[in-house]
Amino acid sequence: QVQLVESGGGLVQAGASLRLSCAASGRTISTYAMGWFRQAPGKEREFVTAISRNGGSTDYADSVKGRFTISRDNAKNTVYLQMNSLKPEDTAVYYCAACVSGNYYYTPQSWDDYDYWGQGTQVTVSS
């Protein structure tokens, strides 16, 4: 079992930056693809970004390309989401997830490809 704990959310103004962290425990995540999803009130959970197990591949939703960056530090068993130029439409609960299957370059984009989830961290961007 892997436990994922997100942190770093908060209330910021439009244009600001936040860095989310996802700390894993229980098992090493070095062999897992990792992803971030978000869910706004009244909306479905949506894919934000994913990184392959070796960090060599990443994918982003079009809505965050050029503004968000995913990274991982396998030595610290942690995944990060750097969010710049935040917009009010980025307001959501952000979830970290781990996918145990796939090859070294796999970057799953569907929520049902993931096996473990964190509890989420709230990000609120005011205009």
Side-chain angles (χ1 to χ4, degrees):
Q1 283 281 49
V2 174
Q3 293 77 43
L4 303 174
V5 178
E6 303 94 336
S7 62
L11 171 62
V12 297
Q13 290 189 331
S17 297
L18 278 176
R19 187 195 197 201
L20 305 184
S21 297
C22 172
S25 61
R27 287 188 178 181
T28 176
I29 60 169
S30 61
T31 59
Y32 299 164
M34 301 295 295
W36 287 94
F37 287 72
R38 67 186 182 185
Q39 188 167 18
K43 295 188 177 181
E44 293 187 353
R45 191 170 298 191
E46 65 172 354
F47 170 77
V48 176
T49 180
I51 187 166
S52 60
R53 63 170 67 178
N54 65 357
S57 295
T58 56
D59 270 313
Y60 296 90
D62 288 343
S63 59
V64 306
K65 277 181 183 176
R67 299 188 300 122
F68 290 12
T69 303
I70 188 171
S71 62
R72 65 190 301 159
D73 186 338
N74 287 338
K76 294 183 178 180
N77 228 26
T78 301
V79 177
Y80 304 98
L81 180 62
Q82 178 67 42
M83 305 186 296
N84 298 330
S85 302
L86 282 162
K87 304 175 180 180
E89 50 264 44
D90 295 319
T91 295
V93 177
Y94 283 71
Y95 298 91
C96 173
C99 170
V100 304
S101 60
N103 61 30
Y104 282 110
Y105 299 100
Y106 184 41
T107 53
Q109 299 185 28
S110 176
W111 68 269
D112 56 2
D113 288 328
Y114 289 84
D115 304 282
Y116 301 103
W117 291 84
Q119 293 299 308
T121 185
Q122 177 70 47
V123 172
T124 303
V125 184
S126 63
S127 58

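This structure is a prediction, so every number in the text was calculated from the model and none was measured.
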Practice item. Please report the shortest heavy-atom distance between Ala40 and Ala92, naming the atom on each side. Key: N-CB, 3.8 Å
**Study point:** Under 3.5 Å donor-acceptor, Arg72 side chain and Ala33 backbone
**Key:** no
Practice item. Might you work through the side chain to side chain contact (heavy atoms under 4.5 Å, CB included) test for Thr49 and Phe68, ending with a clear yes or no? Key: CA-CA 8 Å; Thr49 180; Phe68 290 12; 5.8 Å; no
Point to revise | Residues which pass side chain to side chain contact (heavy atoms under 4.5 Å, CB included) with Gln1, listed by chain and number, not counting sequence neighbours | key: Gln3, Tyr116
Review point. Which hydrophobic side chains are connected to Tyr105, either touching it within the sub-4.5 Å cutoff or through other members that do?
Key: Tyr104
Review point. Donor-acceptor pair, Ser85 side chain versus Arg67 backbone, under 3.5 Å?
Key: no
Practice item. Any chance you could lay out the side chain to side chain contact (heavy atoms under 4.5 Å, CB included) test for Val123 and Leu20, step after step, and finish with the verdict? Key: CA-CA 9 Å; Val123 172; Leu20 305 184; 4.1 Å; yes
Revision key, fill the gap. On a heavy-atom basis, the closest approach of Ala24 and Leu4 is CB-CD2, 3.7 Å
Revision key, fill the gap. dist Cys22:SG -> Asn77:CG (nearest 0.5 Å) comes out at 9.0 Å
**Study point:** Considering all heavy atoms, the nearest Pro88-Ser127 contact
**Key:** CG-CB, 3.8 Å
Point to revise | Smallest separation among heavy atoms of Val48 and Leu81, with atom names | key: CG1-CD2, 4.5 Å
**Study point:** Check: Glu6 side chain, Thr121 main-chain N or O, donor-acceptor pair, under 3.5 Å
**Key:** no
Exercise for review: Using the side chain to side chain contact (heavy atoms under 4.5 Å, CB included) rule, take Ile29 and Met34 through it: C-alpha gap first, then chi angles, then the decisive distance, then the call.
Suggested key: CA-CA 8 Å; Ile29 60 169; Met34 301 295 295; 4.2 Å; yes
**Study point:** Common cluster, Ile51/Tyr95, ILVMFWY with side-chain heavy-atom separation under 4.5 Å
**Key:** no
**Study point:** Backbone N/O of Pro108 and side chain of Asp113: donor-acceptor pair under 3.5 Å
**Key:** no
**Study point:** Closest heavy-atom pair and its distance - Ser52, Asn54
**Key:** OG-OD1, 2.8 Å
Point to revise | Pairs where residues 39-61 contributes a residue and the test salt bridge (Lys or Arg N to Asp or Glu O under 4.0 Å) is met, not counting sequence neighbours | key: Arg38-Glu46
Check your understanding: Taking only residues two or more places apart in sequence or in another chain, which ones pass side chain to side chain contact (heavy atoms under 4.5 Å, CB included) with Gln122?
Key -> Thr91, Val93, Thr124
Point to revise | Selection residues 11-60 - residue pairs positive for ring pair (Phe, Tyr, Trp, His ring centres under 6.0 Å), sequence neighbours left out | key: Phe37-Phe47, Phe37-Tyr114, Phe37-Trp117
Practice item. Just jot down the side chain to side chain contact (heavy atoms under 4.5 Å, CB included) partners of Thr78, sequence neighbours excluded, or say none. Key: Ser21, Ala23, Lys76, Tyr80
Review point. Going by heavy atoms in the side chains, are Val79 and Ile70 under 4.5 Å from each other?
Key: yes
Revision key, fill the gap. Value for CD (Gln119) from SG (Cys96), rounded to nearest 0.5 Å, stands at 11.5 Å
Review point. Could you walk me through whether Asp62 and Lys65 pass the salt bridge (charged side-chain N to carboxylate O under 4.0 Å, His left out) check?
Key: CA-CA 5 Å; Asp62 288 343; Lys65 277 181 183 176; 3.2 Å; yes
